[in-house]
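Structure record follows, encoded as structure tokens.
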Amino acid sequence: SEMCIRDSLRTVRSMLPRYTKRGASALRRLVAYEGVPSNIVHKGQRVVIPRAQRHYCYKSERAYTVLGNVCRKVGWKYAEVVEKAEQARIAKSTRRHEKNGKVREAWRVARKEAVSKMAKKDVAVLHKFGAI
């Protein structure tokens with residue numbers, strides 16, 4: 001665990017101009033986690049940034065490596081623990097999504113019913129501003 005984080009910090013450190021004030025400040029602000037941090041899991045703040053995805057950023061003919069695979073080869077022994085935690089997170093997220101799906105469906109039906117009772121001109125205004 002400690003070995004993989006240390007190696008990743010050394011990798012990033014070599015990419016930064018750490019002898020300048022700006023680089024040292026950037027390195028101090030760097031935070032690295034194994035897996036998904038618990039404060040992010042509980043808040044549900046995970047998002048995908050399409051421009052940061054590998055297939056968008058790198059040319060397809062370029063070689064690449066995954067830091068977790070490198071760490072595993074040099075003796076990192078917590079890969080299974082992180083993978084188990086990730087599988088538990090996925091299962092919990094799936095259960096939550098299914099549970100919230102029922103609530104979303106109920107809201108959708110209620111909205112549809114409320115719109116059907118509204119005057120046509122009011123519905124047109126809501127459509128105009130994208131509220132429906």
Side-chain angles (χ1 to χ4, degrees):
S1 168
E2 184 67 33
M3 178 186 249
C4 189
I5 290 178
R6 187 176 63 234
D7 290 344
S8 63
L9 289 176
R10 286 185 63 178
T11 303
V12 173
R13 185 185 73 185
S14 67
M15 298 177 192
L16 291 173
R18 66 181 184 275
Y19 294 118
T20 65
K21 195 174 199 178
R22 182 175 61 103
S25 173
L27 191 60
R28 240 181 283 116
R29 289 190 311 264
L30 178 69
V31 178
Y33 295 98
E34 286 184 32
V36 180
S38 59
N39 61 339
I40 300 296
V41 169
H42 297 310
K43 291 181 184 177
Q45 297 174 337
R46 294 181 72 183
V47 295
V48 173
I49 304 168
R51 290 194 55 105
Q53 290 180 335
R54 183 183 69 236
H55 67 273
Y56 190 82
C57 292
Y58 301 142
K59 294 182 179 177
S60 59
E61 66 270 8
R62 295 278 172 95
Y64 69 92
T65 187
V66 178
L67 186 61
N69 294 344
V70 173
C71 291
R72 207 173 286 141
K73 297 234 188 242
V74 296
W76 185 49
K77 56 186 176 186
Y78 294 98
E80 293 82 19
V81 174
V82 171
E83 183 63 32
K84 185 178 175 185
E86 182 67 9
Q87 293 302 323
R89 183 198 64 77
I90 289 171
K92 182 178 177 182
S93 176
T94 303
R95 287 192 307 268
R96 184 170 176 248
H97 183 73
E98 289 170 357
K99 178 183 169 188
N100 289 347
K102 295 173 186 172
V103 174
R104 280 192 303 272
E105 180 62 24
W107 272 104
R108 190 184 66 76
V109 169
R111 254 188 237 106
K112 191 174 182 180
E113 185 179 319
V115 167
S116 68
K117 294 179 182 178
M118 291 173 66
K120 297 271 187 205
K121 63 178 184 160
D122 295 336
V123 173
V125 170
L126 289 175
H127 274 293
K128 178 181 175 183
F129 292 105
I132 297 179

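These values consider heavy atoms only, across backbone and side chains, with no hydrogens, waters or symmetry-generated copies.
Between S25 and the options R29, K21, R22, a side chain to side chain donor-acceptor pair (under 3.5 Å) holds for only R29.
For the atom pair CD1 (I49) and OH (Y56), the distance works out to 13.0 Å, reported to the nearest 0.5 Å. Residue R104 holds its CZ atom at 11.5 Å from CZ of R108, rounded to the nearest 0.5 Å.
Pairing each heavy atom of T11 with each of S14, the nearest pair is O-OG, 2.7 Å. In terms of heavy atoms, T65 sits closest to V70 at OG1-CG2, 3.4 Å. When all heavy atoms are compared, the tightest approach of A79 to R72 is CB-NE, 3.2 Å.
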I'd like a table of donor-acceptor pairs (distance under 3.5 Å, sequence neighbours excluded) in which one partner is a side-chain atom from residues 82-95, with atom names and distances.
unit_1, atom_1, unit_2, atom_2, d
E83, OE2, Q87, NE2, 2.8
E86, OE1, R89, NE, 3.3
E86, OE2, R89, NE, 3.4
E86, OE2, R89, NH2, 2.6
T94, OG1, I90, O, 2.8

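With hydrophobic clusters built from ILVMFWY side chains whose heavy atoms lie under 4.5 angstrom apart, V125 does not share a cluster with M118.
For CZ of R13, the number of neighbouring non-hydrogen atoms (other residues, nucleotides, ligands) closer than 6.0 Å is greater than 12.
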As a quick check of understanding, evaluate salt bridge (charged side-chain N to carboxylate O under 4.0 Å, His left out) for K102 and E105, giving each step before the final call. CA-CA 5 Å; K102 295 173 186 172; E105 180 62 24; over 6 Å; no
Intermediate values then yes/no, side chain to side chain contact (heavy atoms under 4.5 Å, CB included), H127 and V123: CA-CA 6 Å; H127 274 293; V123 173; 3.5 Å; yes
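Sorted by first and then second residue, the salt bridge (charged side-chain N to carboxylate O under 4.0 Å, His left out) pairs with a member in residues 116-132 read E113-K117; sequence neighbours excluded.
Every residue was checked against the salt bridge (charged side-chain N to carboxylate O under 4.0 Å, His left out) condition with E98, not counting sequence neighbours, and none meets it.
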